[in-house]
Amino acid sequence: MENEKVMMQRHTMSHVLAAAIKALYGDDVLFGIGPAIDNGFYYDFDMEKVLTPDDFPAIEEKMKEILSENLDMVRKELSKEEALEMFKDQKYKVELINDLPAGETISVYYLGDRFCDLCRGPHIENTKFLRGFAYKINRVSGAYWRGNEKNKMMQRIYVYGFADKNELKECIRLAEEAKLRDHNKLGRDLGYFTTVDYIGQGLPILLPKGSRVIQLLQRWVEDVEFKKGCILTKTPLLAKRELYKISGHWDHYLDGMFVLGDPDDETKECFALRPMTCPFQYQVYLNKPHSYRELPMRLTETSTLFRNEDSGEMHGLIRVRQFTISEGHYILRPDQLEAEFKGCLELAKYFLGTVGLLDKCTFRFSQWDPENKNNKYEGTKEQWEVAQATMKKILDDLNVTYDIGIDEAAFYGPKLDIQYKNVYGKEDTLVTIQIDMLLAERYGMYYVDSDGEKKLPYILHRTSLGCYERTLAYLIEEYAGAFPTWLAPTQVKILSISEKFEGYAKEVEQKLFEAGIRVENDERNEKIGYKLRQAITEKVPYALIIGEQEESSGTVSVRNRGSKDTRVMTVDDLIKEILDKVATKVRD
RNA sequence: GCUGCUAUGGCUCAGUCGGUAGAGCACGUCCUUGGUAAGGACGAGGUCACCAGUUCAAGUCUGGUUAGCAGCUCCA
């Protein structure tokens with residue numbers, strides 16, 4: 001297969017890179033691993049010299065030199081003892097050799113006499129076959145040995161690599177283009193959000209535009225949820241440590257919580273900001289006894305949460321320490337689980353589809369780790385197997401295509417996570433639907449069934465549009481800042497030809513304003529072309545040009561974003577057109 | 001949290017060998033009274049992220065802190 005061939009070329013190139021590093025920086029370099037990846041390859045090194053982009057040209061030059069030597073890639077198989085002897089000065093290789101399963105063939109590859117690496121292969125037979133291979137060093141960064149943060153951090157050199165130089169060019173071009181959509185840049189430039197040193201990491205300020213978009217989303221989500229039979233709650237943003245002890249969060253997630261007071265001093269009150277809404281919303285259920293007739297009880301809340309993420313984890317609006325989420329907890333009878341799960345999934349798909357993000361979403365069935373290292377998960381193996389089997393059946397019944405994520409579950413149950421990738425390809429969870437068969441018991445939540453017995457309900461934890469900050473970030477990236485009319489913070493910008501027409505401009509502004517349209521009037525004494533350019537830069541969907549012709553005929557000249565044509569129409573027709581777009585939430 | 005990089009007006013960036021700051025855009029005022037992607041003049045705006053240190057002298061050198069970026073790790 002073509003793809004396999006490219007991956008083999010990339011893999012061989014990683015040996016060439018290692019050989020170049022060896023040639024340039026000597027024999028005391030410790031070598032890690034060097035696999036092929038999607039857009040090229042990387043190699044991990046442990047060395048004194050700290051690499052910077054200034055070193056890239058020399059490394060690329062050395063790689064070119066090695067490639068020009070037409071070296072054979074020669075495979076040799078060794079016994080474990082021979083391999084250990086050969087790599088006795090390479091501690092990472094020794095570790096890899098010792099971890100190989102007994103009986104596994106150990107092979108090494110010689111790149112001429114330049115470099116010899118422990119490697120399973122296969123490889124391109126001779127570097128002359130890599131002559132047309134196009135590559136460019138992308139970046140160098142830190143990476144833990146074997147991906148474990150307890151291990152030493154090595155230097156990882158990422159290289160773009162393709163069989164064809166046009167593919168390489170295209171890859172670099174796409175990366176450059178992606179940068180232009182980056183919400184963390186664009187969102188700041190366009191005035192959606194900002195950050196302030198002395199407020200702190202992960203605590204963005206939503207500026208008027210960002211606030212407006214989130215308000216629009218939030219009102220819409222709350223209205224739809226109401227129509228779906230959800231019950232609104234408003235619960236506190238913090239609680240005493242005792243609440244989190246019941247829920248299990250104190251034991252499982254203390255490090256991730258903002259604690260007010262000394263968590264270890266049991267003689268004093270200690271509060272913590274909420275990292276989730278579950279235990280708060282359960283109190284609504286616990287307020288009084290419930291009959292089976294009352295279920296499902298769909299509790300929802302637009303809920304602000306606080307999570308003390310590690311300092312290096314924050315990213316724009318995607319990973320923050322305070323965020324607001326449309327969080328729901330559905331208390332149900334076991335026989336209602338499938339139907340309610342389906343309802344949650346449909347709701348999420350409706351929201352994501354309408355805002356235009358669903359097409360790029362993937363679904364992940366997040367399961368526990370059966371080994372349950374570090375006691376991360378509550379409950380018994382049997383309980384987990386039941387919960388996961390139930391979820392699998394539901395997903396299969398609903399024809400959901402999903403990946404499985406082992407050790408990605410919540411501590412109380414399996415999840416369906418709806419994932420989205422940012423412009424750099426980094427994936428995060430947008431929406432989650434979780435089955436919880438454990439927590440009701442911890443809280444003593446029961447219902448009285450038709451037979452008069454007290455029974456434990458199941459709980460569905462779910463978000464409907466996920467975290468508003470994160471969703472806003474993805475929307476900025478998806479639309480490159482040019483929001484569809486129904487979501488645009490400013491829908492219309494009025495540009496008058498001169499002061500003489502400001503009276504009429506104001507009249508039009510007022511009419512649009514009264515129709516509920518988000519309108520701005522650019523009153524500066526600038527030429528129309530200049531004002532228009534500003535409107536385009538701000539990515540406003542509608543620019544209205546107003547002058548003598550418009551005033552005398554009671555019309556406006558409409559220039560839509562992305563179009564060079566102008567339409568002359570009455571203000572009423574314009575209002576109708578915009579309100580129609582808002583009502584149907586079209587992607588325009 | 002880890003590795004590396006970065007920090008000069010709202011934005012993009014100059015600032016040489018250490019001698020207390022500059023441009024363009026944006027903003028304000030005025031002129032221009034205009035027709036579809038930059039009309040003109042003038043003006044205001046900076047404790048050079050913060051705190052120490054070295055020095056006669058620090059935007060510039062050193063250390064620390066904070067924040068931003070990329071990646072790793074983590075993510076209820």
Side-chain angles (χ1 to χ4, degrees), chain A residues 42 44 46 50-54 138-158 179 182 184-185 188-191 194-203 244 247-249 252-257 274-279 305-316 318-321 325 327 366 376-377 408-413 415 417 424 426-429 432 434 436 439 461 463 495-502 524-537 543-550 557-559 563-566:
Chain A
Y42 68 78
D44 289 345
D46 181 2
V50 175
L51 295 168
T52 68
D54 294 340
N138 175 10
R139 65 166 67 90
V140 59
S141 73
Y144 295 110
W145 168 239
R146 306 190 108 181
N148 186 330
E149 63 178 327
K150 295 195 173 63
N151 289 342
K152 179 153 190 201
M153 183 153 276
M154 305 176 79
Q155 296 188 66
R156 175 172 296 175
I157 301 178
Y158 284 95
K179 268 190 210 162
D182 180 355
N184 203 11
K185 173 87 175 105
R188 289 170 196 270
D189 289 350
L190 291 175
T194 187
T195 49
V196 177
D197 285 12
Y198 36 83
I199 286 180
Q201 278 190 308
L203 298 168
Y244 304 109
S247 68
H249 289 93
H252 289 279
Y253 296 107
L254 184 59
D255 287 349
M257 286 164 66
R274 67 178 181 192
M276 71 353 272
T277 323
C278 331
L305 306 179
F306 306 85
R307 296 181 186 178
N308 193 5
E309 305 283 0
D310 287 341
S311 64
E313 309 300 351
M314 264 63 74
H315 174 64
I318 288 178
R319 193 82 179 269
V320 289
R321 283 182 165 146
I325 203 163
E327 181 152 33
S366 298
K376 199 169 146 188
Y377 301 101
E408 298 281 357
F411 73 81
Y412 45 74
K415 309 188 284 177
D417 291 321
Y424 296 109
K426 190 175 160 60
E427 183 179 289
D428 277 290
T429 301
T432 181
Q434 311 170 353
D436 170 11
L439 292 186
H461 304 235
T463 59
L495 322 172
S496 53
I497 296 289
S498 99
E499 282 175 346
K500 278 196 291 203
F501 312 107
E502 264 312 308
R524 291 173 304 173
N525 288 337
E526 298 290 350
K527 287 208 161 177
I528 191 68
Y530 181 89
K531 288 184 180 181
L532 185 63
R533 193 188 139 270
Q534 290 289 311
I536 290 164
T537 304
L544 305 190
I545 292 153
I546 282 177
E548 193 173 359
Q549 298 155 27
E550 290 78 10
S557 290
V558 178
R559 170 105 172 232
S563 165
K564 296 222 164 177
D565 302 324
T566 302

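Predicted model only: the values in this text are computed from it and were never measured. The chains referred to below are lettered A, B, ... by the order of the sequence lines, with proteins before strands, and numbering in each begins at 1.
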Problem - Any strand: nucleotide that pairs with G9(B) via Watson-Crick or wobble, under 3.5 Å - result: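 Here G9(B) is not engaged in any pair, so there is no nucleotide opposite it.
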
Exercise for the section: Name the closest nucleotide to the M153(A) side chain, picking from C2(B), G39(B), A37(B). Expected result: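 Nearest to the side chain of M153(A) among the choices is C2(B).
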
Any donor-acceptor N/O pair under 3.5 Å between [N] base and [X] side chain:
X	N	result
Q201(A)	U66(B)	no
R319(A)	C74(B)	yes
R533(A)	A38(B)	yes

Heavy atoms under 4.0 Å, any strand shown: does [X] hit a base, just sugar-phosphate, or nothing?
X	result
R559(A)	base
N148(A)	nothing
E408(A)	nothing
Y424(A)	sugar-phosphate
G256(A)	base
K531(A)	nothing
G547(A)	base
I528(A)	sugar-phosphate
R524(A)	sugar-phosphate
Y144(A)	base
Q155(A)	nothing
S557(A)	base

Is the distance from OP1 or OP2 of [N] to the nearest side-chain N or O of [X] less than 4.0 Å?
X	N	result
K426(A)	C75(B)	no
Y158(A)	C72(B)	yes
H315(A)	A70(B)	yes
K152(A)	U73(B)	no
Y530(A)	A26(B)	yes

Handout entry: Given K152(A), R146(A), R156(A), the one that forms salt bridge (Lys or Arg N to Asp or Glu O under 4.0 Å) with D44(A)
Key =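 Filter result, single survivor: R156(A).
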
Problem - Which residue lies more 5' along RNA chain B, comparing I545(A) with G312(A) via nearest heavy atoms - result: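 It is G312(A) whose nearest nucleotide is closer to the 5' end.
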
Problem - Electrostatic pair D428(A):R319(A) at N-O distance under 4.0 angstrom - result: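 Salt bridge absent between D428(A) and R319(A).
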
